[in-house]
Structure formats: structure tokens, C-alpha cells
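From a predicted model like this one, the values you see are computed outputs, not experimental measurements.
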Amino acid sequence: MVEAKRAYRSASDGLQQALRYAQQLDVPLAYATNGDEIIERDLVSGRERRVEAYAAPAEAWARYAHLHDLDAAGQALHSKGFNREKRLATGDVQEPRWYQAVAIRRVLSAVARHERRILLLMATGTGKTFTAMQIVHLLREYHRVANPERNYRVLYLADRDALVADPMRKDFCPGFRWRATLPCRRCCQSQSRGLLRDLPVPGARR
């Protein structure tokens with residue numbers, strides 16, 4: 001996380017802001033700069049120092065993995081990119097907001113640590129369904145490579161039909177449109193109670 005100030009300001013003026021952002025984003029390094037000097041704070045060790053350059057991508061990633069206790073499989077899980085199939089009304093790709101990205105990464109970290117019970121709590125209007133779609137995408141993309149012989153299913157539960165049909169129509173079907181087969185289309189249109197649908201991975205065996 002880098003907070004840049006104008007050249008006439010001290011680099012230290014932006015350090016607290018950089019720390020706050022780094023804590024919100026769950027990243028281990030915070031930098032403050034005025035274009036001339038660079039101050040680095042390591043959120044894991046608490047060490048603060050002036051440096052000549054920012055951490056290289058490999059070093060920054062190693063510190064991130066250490067912060068979140070990620071083994072090789074966990075790092076592979078985190079390395080997958082977000083789903084970019086869903087579009088806004090403008091035609092632009094819908095990207096996760098910063099807090100959605102944090103929520104997604106926290107769930108992936110818990111999965112990587114083999115936690116069996118994970119509760120993600122988000123307020124109304126914060127994009128829970130879009131966040132859920134991204135989590136499903138990342139888990140499936142990882143397992144498509146790690147366990148290609150398996151085909152995973154997703155159980156989406158709600159107490160009303162509309163709370164299942166609408167998310168399928170608005171987020172999941174657009175998000176997985178390149179592999180949205182007849183079961184997915186039926187899911188979007190179905191009014192039956194208790195929907196269980198599978199988004200198949202091409203070439204996978206059941």
C-alpha cells in the first residue's frame with residue numbers, strides 16, 4: 001500500500017494514512033512517499049525504516065503469504081484472477097470493490113487453512129451475491145487445475161425462490177456464461193423450491 005504526498009510535504013505525513021489503508025486491505029507493507037524519500041512499515045514485525053525502493057513483487061508476495069499463513073496450495077489458490085465475465089450497463093467489466101476483494105481473500109485464506117466452518121457476514125447492498133460468485137469462481141478455477149478429475153457442485157440456499165432465481169440470473173449466469181449450459185438456464189427460470197445447480201467444468205468427469 002503506497003500513500004503519496006506532494007513534494008513539499010514530508011513522506012512521514014502520509015504514513016498513518018498508509019497504515020490505515022494497509023490494515024483495511026489485509027496487506028503486510030505500508031509505504032509513504034513524497035517522491036523523494038520512501039518510508040516502509042512492516043505490519044507483521046512493526047519495523048519502520050527509510051528505504052531506497054519498494055519491495056519487489058516476489059518479496060511483497062512472500063510477506064503477504066507469511067501474514068496469512070499460506071502454504072504452497074494456499075498461495076496457488078490466491079493466485080487465481082477474479083471473474084471478469086460480468087459487465088456493467090456501460091459495458092465495462094464489473095470489478096470487486098475493495099471491501100469485496102478483502103472478504104473474498106479472507107474466505108480463501110480460511111479455506112487454505114482447511115477451516116471447515118466459514119461465515120461471511122456482509123450488510124445489505126454490499127454485493128453479497130457478486131462476492132459469492134467470485135468465491136465460487138476462484139475455488140473452481142483452483143480445483144480445475146489441482147483436482148481435474150473432480151467436478152464440484154455449489155448449493156445455494158435461500159428461504160424464498162426469488163432469492164435464488166435472481167442471484168442466478170443477475171450474477172451467476174452472466175459470470176459463468178462461457179460454460180452456462182441448459183441446467184444453468186433452467187435455474188434462472190425455475191420457480192421450484194430448493195434449487196441445486198451445477199456449473200460444469202469442461203472435460204471434468206463426475
For [X], all residues meeting side chain to side chain donor-acceptor pair (under 3.5 Å), sequence neighbours excluded:
X: Gln17; value: Lys5, Tyr21
X: Arg87; value: none
X: Gln24; value: none

Minimum side-chain heavy-atom gap [X]-[Y] below 4.5 Å:
X: His78; Y: Gln75; value: no
X: Val51; Y: Arg49; value: yes
X: Arg47; Y: Arg41; value: no
X: Ser12; Y: Glu37; value: no
X: Val44; Y: Leu29; value: no
X: Leu70; Y: Tyr64; value: yes
X: Leu155; Y: Leu157; value: yes
X: Thr131; Y: Thr126; value: no

So, for [X] and [Y], which heavy atoms are closest and what is the spacing to 0.1 Å?
X: Gly14; Y: Ala32; value: C-CB, 3.7 Å
X: Ala112; Y: Gly74; value: CB-CA, 3.6 Å
X: Ala162; Y: Pro167; value: O-CD, 3.8 Å
X: Gln94; Y: Phe130; value: O-CZ, 3.4 Å

[X], [Y]: one ILVMFWY side-chain cluster at the under-4.5 Å cut-off?
X: Val93; Y: Trp98; value: no
X: Ile104; Y: Met1; value: yes
X: Leu139; Y: Ile118; value: yes
X: Val102; Y: Val2; value: no
X: Val154; Y: Phe82; value: no

If you link ILVMFWY side chains whenever their heavy atoms are less than 4.5 Å apart, which other residues fall into the same cluster as Tyr8? By chain and number, please.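 So far as hydrophobic clustering goes, Tyr8 is joined with none.
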Hydrophobic cluster of Ile39, others only, ordered by chain and residue number, side-chain cut-off 4.5 Å: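 So far as hydrophobic clustering goes, Ile39 is joined with Leu15, Leu19, Leu43.
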Please walk me through it: do Leu138 and Val107 pass side-chain contact (heavy atoms from CB on, under 4.5 Å)? CA-CA 11 Å; Leu138 291 168; Val107 170; over 6 Å; no
Candidate list Gln134, Lys86, Lys128, test side-chain hydrogen bond (donor to acceptor under 3.5 Å, both in side chains), partner Asp171, passing option: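 Single side-chain hydrogen bond (donor to acceptor under 3.5 Å, both in side chains) partner of Asp171 among Gln134, Lys86, Lys128: Lys86.
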Does Arg63 come within less than 4.0 Å of Asp42, counting only side-chain N to carboxylate O?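 Looking at Asp42 together with Arg63, the answer is yes, because their closest N to O distance falls below 4.0 Å.
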For the pair Tyr156 and Phe172, name the ring-plane relationship: parallel under 30°, tilted 30 to 60°, perpendicular over 60°.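 It falls in the perpendicular class, over 60°.
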Mark yes or no for whether Gln23, through its side chain, and Arg20, through its backbone, hold a donor-acceptor pair below 3.5 Å.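 No; zero donor-acceptor contacts below 3.5 Å.
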Tell me whether His137 contacts the main-chain N or O of Gly81 through its side chain, where contact means a donor paired with an acceptor under 3.5 Å.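 Between the backbone of Gly81 and the side chain of His137 there is a qualifying donor-acceptor contact (under 3.5 Å).
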Going through the distances and angles, do Leu120 and Met122 end up as a side-chain contact (heavy atoms from CB on, under 4.5 Å)? CA-CA 7 Å; Leu120 176 59; Met122 298 176 68; 4.0 Å; yes
Supply the atom-to-atom distance His143 NE2 to Glu149 CD, rounded to the nearest 0.5 angstrom.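 Result: 11.0 Å between the selected atoms.
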Could you go through the side-chain contact (heavy atoms from CB on, under 4.5 Å) check for Val136 and Met133 one step at a time? CA-CA 5 Å; Val136 169; Met133 184 272 286; 5.7 Å; no
Pairs flagged by side chain to side chain donor-acceptor pair (under 3.5 Å) wherever residues 25-34 is involved - sequence neighbours left out: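 Counting only pairs at least two positions apart or across chains, the side chain to side chain donor-acceptor pair (under 3.5 Å) contacts touching residues 25-34 are Asp26-Arg106, Tyr31-Glu40.
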Could you tell me whether Arg113 atom CZ has more than 12 heavy atoms of other residues or ligands within 6.0 Å of it?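 Above 12, so yes.
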Would you please test Glu141 and Lys80 for salt bridge (charged side-chain N to carboxylate O under 4.0 Å, His left out) and show each step? CA-CA 7 Å; Glu141 287 300 300; Lys80 302 300 179 183; over 6 Å; no
